[in-house]
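Letters A, B, ... are given to chains in the order of the sequence lines, protein chains preceding strands, and every chain is numbered from 1. Side chains are part of it too, since the values below use all heavy atoms of this structure and drop only hydrogens, waters and symmetry mates.
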There are 2 protein chains.
Amino acid sequence: MDKPSVTSADVARLAGVSQSTVSRSFDSSSRISDGTRQKVFAAADELGYQVNKAAQTMIKKRSDLVGLVTAGLADPFRSEFLNSLVLEIQNNGLRPMVIDVSDTHTIDVQLQSLIQYQLSGVIITSGTPSEAVAKTFIKRGTPVVLVNRADHSSEADIVNLDNEKAGALAAEALMKAGKRKLMVVRSKVASYSSVKRTKGFLDKLSPFVKQGSISLEEAFCETGNYHGGAQFGADLLASKHYPDGVFFCMDCIACGFLDALKQSNTLAVPTDIAVIGCDDISIARYQSYDLTTVRQSPQKMAAAAVSALQKRLKQPNTKPIQQKVSVELVFRGTLTESNTL
Amino acid sequence: MDKPSVTSADVARLAGVSQSTVSRSFDSSSRISDGTRQKVFAAADELGYQVNKAAQTMIKKRSDLVGLVTAGLADPFRSEFLNSLVLEIQNNGLRPMVIDVSDTHTIDVQLQSLIQYQLSGVIITSGTPSEAVAKTFIKRGTPVVLVNRADHSSEADIVNLDNEKAGALAAEALMKAGKRKLMVVRSKVASYSSVKRTKGFLDKLSPFVKQGSISLEEAFCETGNYHGGAQFGADLLASKHYPDGVFFCMDCIACGFLDALKQSNTLAVPTDIAVIGCDDISIARYQSYDLTTVRQSPQKMAAAAVSALQKRLKQPNTKPIQQKVSVELVFRGTLTESNTL
DNA sequence: TTGTATGCGTTATCAA
DNA sequence: TTGATAACGCATACAA
């Protein structure tokens with residue numbers, strides 16, 4: 001059954017040229033006479049020739065595979081971001097290989113095994129690898145891009161959202177709306193983004209807290225998803241100790257919280273309590289939530305990550321770049337713009 | 001900067017054995033004396049040896065990459081399914097390469113180019129490839145698994161949800177609840193799943209329609225997502241021609257519809273109108289929707305697809321298998337079980 | 001501009 | 001059980 005695959009030698013034979021000429025014809029930077037190239041392409045077309053990436057990788061010491069390291073991909077924001085990354089990688093003539101490291105204990109072993117693939121790069125969107133592993137790749141000449149991860153000393157390129165700005169924007173909007181009893185909520189399981197967002201929020205408010213015009217509380221929910229937010233909302237309502245403005249470090253938590261409020265019907269949004277989320281996942285736009293949030297652009301993040309990777313492939317020895325991608329506040333129903341005027 | 005990579009020859013030198021012995025030590029089916037294997041592993045560990053998959057692929061004529069063909073991955077159901085597929089593939093010692101064919105015009109060219117990678121298999125979850133392309137792979141000995149796609153004549157293995165059963169279950173539940181003016185809604189852009197679900201719904205009801213006890217209408221929304229459902233809901237309300245029970249072929253459409261109802265506040269769910277969705281995406285469980293739906297298991301689908309692939313890798317010449325994965329009705333707020341008693 | 005020859009790192013074949 | 005050797009298909013250095 002197995003059809004022996006078509007090789008460049010087969011094409012060469014049919015085109016009446018040498019194998020190396022065939023190889024060169026497919027390399028745009030090689031100078032080949034127009035006539036020969038035509039002949040080669042025609043022969044290749046006729047035979048349905050496709051280059052063998054494995055053989056190519058042997059020579060070039062680099063496949064065009066990009067490792068996409070993530071912890072799950074069903075989370076709303078994560079899936080939007082991965083979608084953008086996949087497209088961006090494809091558009092750069094590369095191919096995404098997805099690695100799910102939901103099991104954070106084995107992440108180093110898993111990443112080590114990626115060396116097998118002669119990857120063109122690794123984009124880590126989740127699960128902090130030990131520095132040693134990142135260095136292993138970089139020493140090999142495999143670019144590593146860290147997205148929204150803390151990393152101070154490594155030689156990896158870094159793309160971050162402007163997380164602190166996100167927190168600051170939320171803080172500003174709540175203040176402008178006249179809210180005074182503020183709260184910031186994130187998942188108990190710390191993530192770099194959430195910590196930074198919280199920091200931006202707190203820093204913006206700290207002068208006002210000191211002068212006593214604003215009260216501020218930091219709170220945590222059990223899980224960083226809808227259900228964590230719903231549980232958090234129920235607990236908060238039971239405590240009867242309500243803030244009048246809350247910033248959630250993730251939209252999905254905010255949505256759970258809003259549903260908890262809706263069910264109890266004790267607090268009106270945004271009059272009694274204003275809610276701001278972060279990310280602008282597609283659900284935030286659904287009428288049931290209509291969530292005011294700090295938007296980030298997955299496309300921009302993906303483009304920044306892939307371009308960092310491409311740059312390093314071309315210039316391996318420049319020093320690491322760190323990029324911050326901008327964010328913007330989007331007003332919707334849970335804190336309207338008119339509230340802030 | 002580039003560290004030359006560690007090869008099996010390096011390991012052989014350190015372990016004091018031949019290169020082929022190193023290779024065999026990593027192949028569990030090779031008989032190697034325990035002592036030598038220990039020595040080899042120790043040396044490999046010390047050097048941080050990882051097999052070069054490119055070289056391996058050259059010989060074996062097969063990489064352990066599995067192509068995952070999809071059209072976008074941010075859609076709620078799709079991302080859950082891909083998540084399951086990625087995990088299942090990883091757990092089988094394979095690696096997922098994601099191919100986004102959102103641009104349906106170029107799908108054949110895109111798939112052809114996958115030949116470059118000597119894939120162990122291709123799982124097509126979206127975008128119908130021409131039969132010719134599928135055959136190209138199969139002739140090469142690359143298994144193709146079609147998931148939820150129509151395909152009658154090809155030699156590919158097929159995994160389908162029991163889509164007709166899904167429609168039938170919805171129809172039954174609506175009837176049992178005493179609903180008589182029924183409607184089934186799907187996206188204008190036909191998908192195999194939706195067409196089959198609709199068929200299951202219609203077939204189940206057709207005897208009752210003939211005898212006049214049930215009225216039945218088929219309707220379409222512009223897009224197969226939340227916004228399509230919201231628009232559809234608004235239009236339906238404007239028409240003032242309401243059914244008392246609706247089956248949506250996708251949960252996300254149903255959620256949009258529910259939000260449209262909620263906003264207008266003219267019809268109560270489920271008393272005036274019962275709503276059933278399909279898939280059981282995570283949003284269906286959110287309190288704002290609390291959607292009764294026909295659940296499918298992405299895990300089961302993924303497991304079936306990957307196991308079909310593995311079977312064919314082992315036995316390439318058996319005839320194509322077709323599997324149907326079961327579904328179940330999940331009662332929630334938009335049609336409660338007590339309604340049906 | 002083109003052809004010849006070489007090697008990439010592995011597995012498979014054969015001999016010891 | 002082990003070692004020597006021959007592919008696999010390509011890109012590249014060198015020769016022409």
Assess whether side-chain contact (heavy atoms from CB on, under 4.5 Å) is satisfied between B/V98 and A/L68, documenting all intermediate values.
CA-CA 10 Å; B/V98 177; A/L68 239 43; over 6 Å; no

So if I take the C1' atoms of five pairs at each end of the helix from C/dT1-D/dA16 to C/dA16-D/dT1 and get each local axis, what angle do the two axes make, rounded to 10 degrees?
30°

Given side chains that start at C-beta, do those of [X] and [Y] come closer than 4.5 Å, heavy atoms only?
| X | Y | answer |
| --- | --- | --- |
| B/R24 | B/S20 | yes |
| B/I99 | B/Q110 | yes |
| A/V69 | A/L111 | yes |

How long is the gap from CG on A/L309 to CG on A/D157, to the nearest 0.5 Å?
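One gets 8.0 Å once the value is rounded to the nearest 0.5 Å.
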
If I take atom CG from residue A/L94 and atom CD from residue A/Q310, how far apart are they, to the nearest 0.5 angstrom?
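CD of A/Q310 is found 5.0 Å from CG of A/L94.
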
Within residues 5-29 of chain A, find the residues that approach DNA chain D with a heavy atom at under 4.0 Å, and present them sorted by residue number.
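Heavy-atom contacts with DNA chain D come from A/S5, A/T7, A/S8, A/Q19, A/S20, A/S23, A/R24.
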
Taking it one step at a time, do A/D64 and A/R95 satisfy salt bridge (charged side-chain N to carboxylate O under 4.0 Å, His left out)?
CA-CA 6 Å; A/D64 53 7; A/R95 293 283 179 186; over 6 Å; no

Range on DNA chain C touched by chain B - first to last nucleotide, heavy-atom distance under 4.0 Å
C/dG9 to C/dT13

Quick check, are the ring centers of B/Y49 and B/F41 under 6.0 angstrom apart?
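Not under 6.0 Å, so no.
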
Are A/M97 and A/V66 close enough, and set up right, to give a side-chain contact (heavy atoms from CB on, under 4.5 Å), and what steps lead you there?
CA-CA 6 Å; A/M97 185 174 103; A/V66 175; over 6 Å; no

In residues 36-54 of chain B, which residues come under 4.0 Å of DNA chain C by heavy atom?
B/Y49, B/V51, B/N52

Check the side chains of A/K300 and A/S84 for a donor-acceptor pair under 3.5 angstrom, ignoring hydrogens and angles.
no

Distance-only side-chain donor-acceptor flag, B/Q118 / B/T57, under 3.5 Å:
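Result is no, nothing qualifies.
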
Could you point out which residue of A/V101, A/N148, A/V144 forms a side chain to side chain contact (heavy atoms under 4.5 Å, CB included) with A/I124?
A/V144

Stepwise side-chain hydrogen bond (donor to acceptor under 3.5 Å, both in side chains) test for B/K311 and B/T318:
CA-CA 9 Å; B/K311 266 189 201 142; B/T318 50; over 6 Å; no

Taking only residues two or more places apart in sequence or in another chain, which ones pass ring pair (Phe, Tyr, Trp, His ring centres under 6.0 Å) with B/Y192?
none

Under 4.0 Å from any heavy atom of chain A: name the first and the last nucleotide of DNA chain D that qualifies, 5' to 3'.
D/dG9 to D/dA13

Stepwise salt bridge (charged side-chain N to carboxylate O under 4.0 Å, His left out) test for B/D10 and B/R13:
CA-CA 5 Å; B/D10 298 330; B/R13 218 167 299 130; 3.2 Å; yes

